[in-house]
Amino acid sequence: MAGETKEQAAAEKKEPMAEDKKEPKKGQRHCSRNPVLARGIGRYSRSAMFARRAMYKRKYYAPVTKIEKKLKEKKPYTVTKPVGGDKNGGSRVVKMRKMPRYYPTEDVPRKRLSHGNKPFSQHKRRLRKTITPGTILILLTGRHRCKRVVFLKQLDSGLLLVSGPLILNRVPLRRVHQKFVIATTTKIDVSTVKLPKHLTDSYFKRKRLRRPKHQEGEIFDTEKEKYQLTEQRKKDQKVVDCQLMSVIKKVPQLRGYLHSTFYLSKGVYPHKLVF
C-alpha cells in the first residue's frame with residue numbers, strides 16, 4: 001500500500017507540470033475590418049469605416065509639383081538699393097529687368113505655336129474600309145435615325161453624302177459623319193449614278209436666318225424669317241433619286257429593306273448581329 005501511495009503522489013506531481021506546458025497560440029488570420037455581407041457590399045458604410053480606421057488622426061501631405069517649386073523659387077521683380085546723399089531718401093527701388101529704351105518701328109513677325117501644322121481644311125480624310133460608294137448605311141442620330149440610306153460619296157470635309165432616296169423613306173440628300181453610322185454588307189452598284197458637280201460642302205452649308213428690321217408701328221409684329229427649300233435643291237433631289245431608283249428596282253426586296261427602319265427587339269443583342 002505504501003508503494004502505491006508513493007507512485008500516486010509522483011503521478012500527481014507530474015500532472016501539473018504537463019498542464020504548464022501549453023501549446024503556442026497561432027497568430028490571428030488577417031481580415032478586413034469591414035465584414036462582407038454580400039459580394040461588393042460591406043457591413044459598414046464609407047463614413048463609418050473612416051471613423052473606425054481613425055483616418056481623421058492621420059495627416060497627408062501632397063507631393064510638391066515642379067510648377068509649384070518654380071512658383072516658390074520665383075525671382076523678385078525689384079530690388080531695394082542704398083543711395084548716397086542726405087536728400088535722396090537713403091534707398092531706391094530698382095527693377096531687375098529694365099525695359100528697352102528703343103522699340104522697332106515695325107512689328108517683327110513671330111513664329112506661332114501652330115507654325116508648321118496644317119489647318120483642318122488641309123487634313124487628310126480617311127474613310128472606313130466597310131464604307132464604299134453604294135453601301136447601305138443605318139443612321140444612328142438625327143431626325144432620320146434608324147433609317148437606311150445609300151452612301152454616294154465622301155465630301156472634302158470628310159462627311160458622307162447620303163440619300164434615302166426621298167421617295168422610299170423621306171431621307172433627302174444630306175451630310176452625315178461616319179462615326180454615327182452602321183455600315184451593312186448590302187451594297188448596290190452606283191457607278192451609273194451621275195451626281196451634280198455642285199454637291200459640295202458649301203451647297204449644304206446652313207444660311208443664317210435673321211430677323212428683319214422693324215419699321216414704325218411694327219415693333220412686335222416682326223417675325224424671324226423661316227427656312228424655305230430652294231427650287232435648285234428640289235431639282236437635284238429628283239435627278240439623284242431617279243437614277244438611284246432605277247438601280248434599286250433591279251435588286252429584289254431592296255425597296256422594302258430601305259423602306260423599313262432598324263430597331264432592336266427583346267432578346268436581340270447588337271454585338272451578336274451581322275449587319
Backbone N/O of Q178 and side chain of R128: donor-acceptor pair under 3.5 Å: yes
Validation row: L152, V240 side chains within 4.5 angstrom (heavy atoms): yes
CZ/R125: more than 12 non-hydrogen atoms of other groups inside 6.0 Å: yes
Atom of L137, atom of A183 and distance for their closest heavy-atom approach: CD2-CA, 3.8 Å
Check: G42 main-chain N/O paired with N34 side-chain donor or acceptor under 3.5 Å: no
Neighbour count >12 (heavy atoms, 6.0 Å) for atom CZ, R233: yes
Residue pairs involving residues 133-144 (criterion side chain to side chain donor-acceptor pair (under 3.5 Å); sequence neighbours excluded): T132-T135
Closest contact, heavy atoms only, K147 versus R170: NZ-CB, 4.3 Å
Contacts under 3.5 angstrom, residues 87-98 side chains, donor-acceptor by atom type, not counting sequence neighbours:
from: N88; atom 1: ND2; to: G84; atom 2: O; distance (Å): 2.8

S163 side-chain N/O to P172 backbone N/O, donor-acceptor pair under 3.5 Å: no
Residue H123 excluded, over 12 heavy atoms near NE2 under 6.0 Å: yes
I41 side chain near V36 side chain, heavy-atom distance below 4.5 Å: no
Validation row: V239, Q243 side chains within 4.5 angstrom (heavy atoms): yes
Side-chain heavy atoms of L127 within contact of L160, under 4.5 Å: yes
R43 atom CZ, neighbour heavy-atom count above 12 within 6.0 Å: no
Under 3.5 Å: donor-acceptor pair, side chain of H259, backbone of N169: no
Salt bridge (Lys or Arg N to Asp or Glu O under 4.0 Å) partners for E106, two or more places apart: none
Salt bridge present between R175 and D201 (N-O < 4.0 angstrom): yes
Beyond-backbone contact of Y203 with L173, side-chain heavy atoms, under 4.5 angstrom: no
Side chain proximity check, P165 to I248, heavy atoms < 4.5 angstrom: yes
Heavy-atom side-chain contact between L139 and C146 under 4.5 Å: no
Short side-chain to backbone donor-acceptor contact, R58 and M55, under 3.5 Å: no
Cationic tip of R148 above F262 ring, under 6.0 Å, 45° of axis: no
